[in-house]
Amino acid sequence: MKRMTTFAAIGLLVLASCSKSTDLYQPPVEPEIPTPVTPAEPEITQEDINANVQKVFGVTFDPNHDWNSTVSGEVKIIANSTIKKVQVLVYVSKIDEDGETVTSMNIMNEAELNGATTITLNYEAPKDNLGIFVAFIDGNKKIFKKVEGNTANIADAPKTRGEDWDLTKELNLTLPSGEYKIAGSVESYASQRGWNKGEQLYYMDNYGDQAMEAKGYSDEFTATFRAMVFTYFVNKANNLPLVKASDYYNDKAYPFTTGHQPIIISPVYKSDKATTYGNEVWNSDLYYYYFKEEDLAKASDQVAFLKSLPKYKALAFKDYFGETEDDVIRKSSSYALLYYGDGTPEVGTKGDYIFPKGYKIGFMVRAKTDFKENGKPRKQGELYGDGRLNNDINSYSECNFKSSKLGTDGPRLAYLALNGRKYMCWESGTDRDFNDVIIEIECGLEVPEIPIEPEYETYTYCFEDTKVGDYDLNDVVIKAKRKNTTTVEYSIVACGAYDELYVKNINAGKIKDDAEVHSLFGVSDTKTFINTENRGTSYPAVTVTKTVGAEFKLADPSTAPYIYDDTKGQEVKMSKIGEDPHGIMIPGDFKYPLEKVCIKNAYTEFNNWGQNSVTSTDWYTKPVSGKVYKLGEE
């Protein structure tokens, strides 16, 4: 009994001692488990970057490379009091995905003169450009002058032509002497095919005596002609929208006779692949017809009225162009149209060089090559400037004209003005580029001023957002256009990155320094790839304009856009000398690589340029088909 009491007493003492600091009914405390510490990512060194560049590109880049594809300059422009605006343009060449060489003339800077006659404009042009030009603009009249010695003076440009020229002094032409008569007629293809039964096409005698020796183009004007005309009507492109945008086609494609000058025309260019396709232009003839506007207005069926008019042969192109001549700008002979009176002419009807004032003149090209394809003539038929007369021939598959897709009312003729000269630009084939044969209208017709309207030069900023990347250079793509001395337009067109990104140094409109790039497109998931330049995309480009100073330069590292990667806490700026190409500015509307396609594979000459900055300087003009994004493709 005593032992039990002693044990109990000891137990009570122990309990009493513990109760001073511990709740007897509190559940036992779980031991703390240390939170695992994520090891810090090792810092990426320059050696790591260099090793990745070597791995990705397979070459070592020039340590003195500045990654700059542009050259800066300035032009002193001397105008006169009639000039309201001036532009500085660059002429460039590139190869498209189909391997075709195309050229363009693009605006790099422009300014309103506001009464001044002298101004200096700066520019940034591709290093491999084909020439710098200045446009002097008065309303819709433009005079283009190639820059020589950093100066362009309108006093040195061709004089704008007026309505009251002295034919012998201004054109240095003497009209042929003698009488020129209707010698006969041939049945048209349209009549043979039942489209316009009984139609006869009239020709005169002594065609060989009609050619007048013309004053040729200067080398400078020839260069300007090629640069400007084929920038506007691009070879192998669908230029029909441009023709229709001028609003001078079909029923409006009829210039008026002046009534006091002969109508003088001069062929200056043809492109038909010469003997490859049976000399399509060389085997064609130019015809014309004329009428009084009041007679057309009285007709119950205007198209039927126009079809019923006599068509007169103006010239056979083979009398002017050489059989194998192709893609040559040349002016050597001029021809005068003849007025044979109204109504159906008879054989022996004499022509007059002066048309009554106010007549409308229409034109037609008669294609008549014997060349056959799959057993069928490739090109035979009458092709009119007025598309309303082309409904049958444009749909005629027997001679391949249907493939032009000009369809109902598709015109074959466009007018264009260049340095005060007026041109007829013909689509005599099927590709709709409207430059198969080009004819200058020297005088005698009041032709509308349809000026060439160049596009603004685009500059493309491409960024790689990781220090050790795949160099598809599409993690952020920004395109810029300088609209004038104080305005630049920026567009974010692509984002191929997972990280949270911000565009800095634009800070205008929606593109604020604190605006995350994906969110600008309404996307919350930063792992969404965005490309605005493919067909069916739901992402329009994010475009803003920014006011800049007159001395602003797009390639200046201090003002060029750059990227802040908030996920990695790093800036990605334009690449400097000795750095890898993680940020570069490329002149032109650059077709950037597809996702995960290294730029060296999208542009096979990139590595050459990277190893030696003075070689392959036009690498960016030669994309590999299927390796780049291009407008209109998925």
Heavy-atom count around [X] [atom1] within 6.0 Å, excluding the residue itself: above 12?
X	atom1	answer
Glu455	CD	no
Lys84	NZ	yes
Lys553	NZ	yes
Glu74	CD	no

Tell me, please, whether [Y] has [X] positioned over its six-membered ring: NZ or CZ under 6.0 Å from the ring centre and within 45 degrees of its axis?
X	Y	value
Lys573	Tyr562	yes
Arg330	Tyr320	yes
Lys483	Tyr456	yes
Arg226	Tyr91	no
Arg378	Tyr277	yes

Qualifying residue for side chain to side chain contact (heavy atoms under 4.5 Å, CB included) with Tyr423, from Ile438, Val229, Ile450, Asn435: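 Exactly one option meets the side chain to side chain contact (heavy atoms under 4.5 Å, CB included) with Tyr423, and it is Ile438.
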Please check: side-chain N/O of [X] versus main-chain N/O of [Y], any donor-acceptor pairing under 3.5 Å?
X	Y	result
Asp475	Asp465	yes
Asn52	Ile49	no
Asn612	Val614	yes
Glu464	Leu473	yes

Working to the nearest 0.5 angstrom, can you tell me the gap between Ile78 CD1 and Ile154 CD1?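 These two atoms lie 11.0 Å from each other.
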Pairing residues for Tyr592 by the ring pair (Phe, Tyr, Trp, His ring centres under 6.0 Å) criterion, not counting sequence neighbours: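 With sequence neighbours excluded, Tyr592 shows a ring pair (Phe, Tyr, Trp, His ring centres under 6.0 Å) to Tyr629, given in chain and number order.
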Under the ring pair (Phe, Tyr, Trp, His ring centres under 6.0 Å) test against Trp609, which residue among Tyr603, Tyr620, Trp67 passes?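 One option only clears the test, and that one is Trp67.
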Give me the ring orientation class for Tyr415 and Tyr248: parallel if the planes are under 30° apart, tilted from 30 to 60°, perpendicular past 60°. perpendicular
